[in-house]
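For reference, the structure discussed in these notes is given below.
The chains referred to below are lettered A, B, ... by the order of the sequence lines, with proteins before strands, and numbering in each begins at 1. In what follows, every heavy atom counts, from backbone to side chain, and hydrogens, waters and symmetry copies are set aside.
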2 protein chains.
Amino acid sequence: MRPTTKDLAEAAGVSLATVDRVLNERPNVSNKVTLKVTEAIERIGFVRNPAAVALARNKTYRFRFVLPTSGDQYLAELIARVSEAREALRADATEVEIAQIAMSDPHQIAKYLTGIDHDAMDGVAVMAPESPQVRDALLRLVERGVKAVQFLSGQERLENADYVGVDNFAAGATAGKIVGSFTGGRPGKIMIVAETMMALDSIQRRLGFDSIINARFPHLESLPSLETYGDEKRADLIIQRTLQHNPDTVAVYVLSSEARVPLTAVWNTQGARALTVVAHERTPFSEQALMDERIDAVIAQDPGHAVRSALRIMRARSDHREPLASQERIRIEVLLKENLQFE
Amino acid sequence: MRPTTKDLAEAAGVSLATVDRVLNERPNVSNKVTLKVTEAIERIGFVRNPAAVALARNKTYRFRFVLPTSGDQYLAELIARVSEAREALRADATEVEIAQIAMSDPHQIAKYLTGIDHDAMDGVAVMAPESPQVRDALLRLVERGVKAVQFLSGQERLENADYVGVDNFAAGATAGKIVGSFTGGRPGKIMIVAETMMALDSIQRRLGFDSIINARFPHLESLPSLETYGDEKRADLIIQRTLQHNPDTVAVYVLSSEARVPLTAVWNTQGARALTVVAHERTPFSEQALMDERIDAVIAQDPGHAVRSALRIMRARSDHREPLASQERIRIEVLLKENLQFE
DNA sequence: CAAGTTTTGAGGTGCGCACCTCAAAATTCG
DNA sequence: CGAATTTTGAGGTGCGCACCTCAAAACTTG
């Protein structure tokens, strides 16, 4: 039979009240007794029954995902995964909320974060672009006891917050390796498109991409990054112009999670000319394009995994436990037509 | 406040005893009352508190992984992940065991499975080669109430057991796509090596591989599968002979999870000649070879994920819950030097 | 309608722990 | 040394549910 607190008290030669004091780090316990108890814990292999703890504490956890409003398909997928997790966690006395706020103004984001009632919130997962204001606001939240997760976002990593997401330099490098390998030694140019190069993640991906192209595929040349600013007309224009100026373009790499606009522009001007195309994130659009062989590879980070990982981390931190690192690493996935799996 | 069984009883206009009968599917409840209760559950949004259930039931779950004895590095990794999970689940009243048995004789495996005490076991995850005896033994286990998972193995899928692992045809196809794309249009032969082609998973990978090579890369020719039978001497011999007979070999595809023996043989005879090399499973060996750029890509299924998935499934089945399919899909990972991540 | 059967209710116990109170014992300090 | 302070123990309550018993009520059936 598994030892209970009662067994532990007996083994340590102390009372249940003292065991309780040690286990829950209550004040007024002598070092001597603390030692006796911790020693007994080791000796008899006592492990707290989490079910009993949860029941006795009768606490409900409250976590919130702070996401952008302006939505590409990846964001929609993300929200769907959060909703899924919300349902699944309802049973476990865990409330999961989604807040969508405009990400254009850093002050706005900071203000929102500052306004969060830290007594009613156990953890927040924030997906927001890098800015000092946001960083400060997040730090203040952490100081007030709210567990924070930097979520899939191009922010500078904070010391006292967890990060969920991939290494974007490595993701870019992976894209570079794929582009270089798939073009089969043909020399030429690579067109690189982003929504904006203001985001840290885009910059890191570009750096990773270039590092591989330069080192391993010197016969390829990465063109300067084109920025669409999410504007369809603008995208059409600059992409068309770039392709015409560079008839020896052999590949396209889309840095941002929204690939529809730039790639539609490419296909409109390009016709059926063979281009190696690599994009980021699995969305209905990229899925379809992979199936149609109009995209060769997608570099992805699984949103479902990311959401669950963020929740597990916030939960662990709330319980003063260490999250299991090996489980929380988000993989850089390489999706081809062949290993796309549906359900 | 979250509704309890008491609230539910009140809302349904029945007693707590009746609520208990409905919730736990005890006999002697009229349809009328069952309906009243289920309706009330919907109406007030009642959700059982799993912590309270676990505490009241005070049940310990017992799951066992049945794995092969003869061990390549992937098996070692798998065992490490099971041990990790065992520690993590100790708190949750879940005992995880590992049994290693010789997989050479199907009767032996079947006998072992049949010998499992079905009263003391809630679920088994079996990694064993295909055979009618094993299939029968597994079915009988299931009939006796033990939840079964076909674990990373080349068995024919059973109706009343869950499967954890990748689609091996797709995995082979993915390997084919990588080989075809990475060889850059050079015509030539592909050497294919397996430990044995008796295993269903090897066959399926080969079929998937060929389907892509034939359809998309007709300038490449897949050679007949070489079988090492795990014998180093034999591997050296047949691989050396094959390479000499086929000087136009441009790629090597290792079907089995143990790639060390065949690839060492290849490198010994081949010297520094440029070959595209694709293997399966992430192991210390394949990791190192990826870093050294002696392997170009590894097709992998994450053993940690597989183990946790099997455990979640067995746990869900034991509780008569449906596992969350989207979370349990094992991905076919494509690992390159660039997206290897350590921790 | 009586005797049997099925269905429902009332009530209790215990799972393992957190959290609380009050008193007794041990220690510290002036 | 006595008084103030800290440490320890004893004991109780409740978290939400499963599981049990016994009796009462509601249906069947011949």
Side-chain angles (χ1 to χ4, degrees), chain A residues 1-41 44-61 89-94 122 318-321, chain B residues 1-41 44-61 89-94 122 318-321:
Chain A
M1 212 47 201
R2 185 175 157 170
T4 69
T5 45
K6 211 171 154 186
D7 302 321
L8 178 55
E10 201 169 318
V14 299
S15 70
L16 270 172
T18 300
V19 164
D20 173 65
R21 289 186 183 103
V22 174
L23 286 182
N24 297 295
E25 297 179 334
R26 299 184 209 286
N28 295 329
V29 188
S30 68
N31 288 334
K32 204 178 61 184
V33 172
T34 306
L35 227 72
K36 266 182 18 182
V37 174
T38 51
E39 180 273 330
I41 288 177
I44 69 173
F46 171 81
V47 182
R48 275 236 246 324
N49 182 331
V53 173
L55 190 57
R57 287 217 176 103
N58 200 21
K59 163 179 177 47
T60 68
Y61 296 83
L89 289 181
R90 251 167 48 100
D92 282 311
T94 303
D122 295 291
S318 297
D319 293 342
H320 305 102
R321 286 182 296 110
Chain B
M1 212 49 201
R2 188 175 153 168
T4 69
T5 45
K6 211 172 156 185
D7 302 322
L8 178 56
E10 200 169 319
V14 299
S15 70
L16 270 172
T18 300
V19 163
D20 173 66
R21 289 185 183 105
V22 173
L23 286 181
N24 297 294
E25 297 179 337
R26 298 186 208 286
N28 295 328
V29 188
S30 68
N31 288 335
K32 205 179 60 186
V33 172
T34 306
L35 227 73
K36 267 185 10 187
V37 174
T38 51
E39 179 273 331
I41 289 176
I44 68 173
F46 171 81
V47 182
R48 276 236 250 319
N49 182 330
V53 172
L55 190 58
R57 288 216 177 105
N58 199 23
K59 162 178 177 47
T60 68
Y61 296 84
L89 288 181
R90 252 167 47 101
D92 282 311
T94 303
D122 295 291
S318 297
D319 292 342
H320 304 103
R321 286 183 295 110

Contact between B/N31 and B/L35 at the side-chain level, heavy atoms closer than 4.5 Å - yes or no? no
Under a 3.5 Å cutoff, is there a donor and acceptor pairing between the side chains of B/Y61 and B/D92? no
Given that B/N58 and B/S15 both sit by DNA chain C, which one's nearest nucleotide is further toward the 5' end? B/S15
Is the shortest side-chain heavy-atom distance between A/V19 and A/F46 below 4.5 Å? no
Give, ordered by number, those residues of residues 21-31 of chain A having at least one heavy-atom distance below 4.0 Å to an atom of DNA chain D; if nothing qualifies, reply none. A/R21, A/N28, A/V29, A/S30
Could you tell me the boundaries of the chain B footprint on DNA chain C, defined by atoms under 4.0 Å from its heavy atoms? C/dT7 to C/dG16
Scan B/D20 against the nucleic acid and name what it touches under 4.0 Å (heavy atoms): base, sugar-phosphate only, or nothing. base
Could you tell me which non-hydrogen atom of B/P50 sits nearest to which non-hydrogen atom of A/A91, and how far apart they are? CD-O, 2.9 Å
Check whether any side-chain heavy atom of B/L23 sits under 4.5 Å from a side-chain heavy atom of B/I41, and report yes or no. yes
Applying the side-chain contact (heavy atoms from CB on, under 4.5 Å) criterion to A/R21, which one of A/V14, A/V33, A/V29 satisfies it? A/V29
Quick one: closest heavy-atom pair of B/N49 and B/R2, and the distance? CA-NH2, 3.5 Å
Does any non-hydrogen side-chain atom of B/N24 lie less than 4.5 Å from one of B/R48? yes
Between B/V19 and A/A52, which is nearer to the 5' end of DNA chain C once each is assigned its nearest nucleotide? B/V19
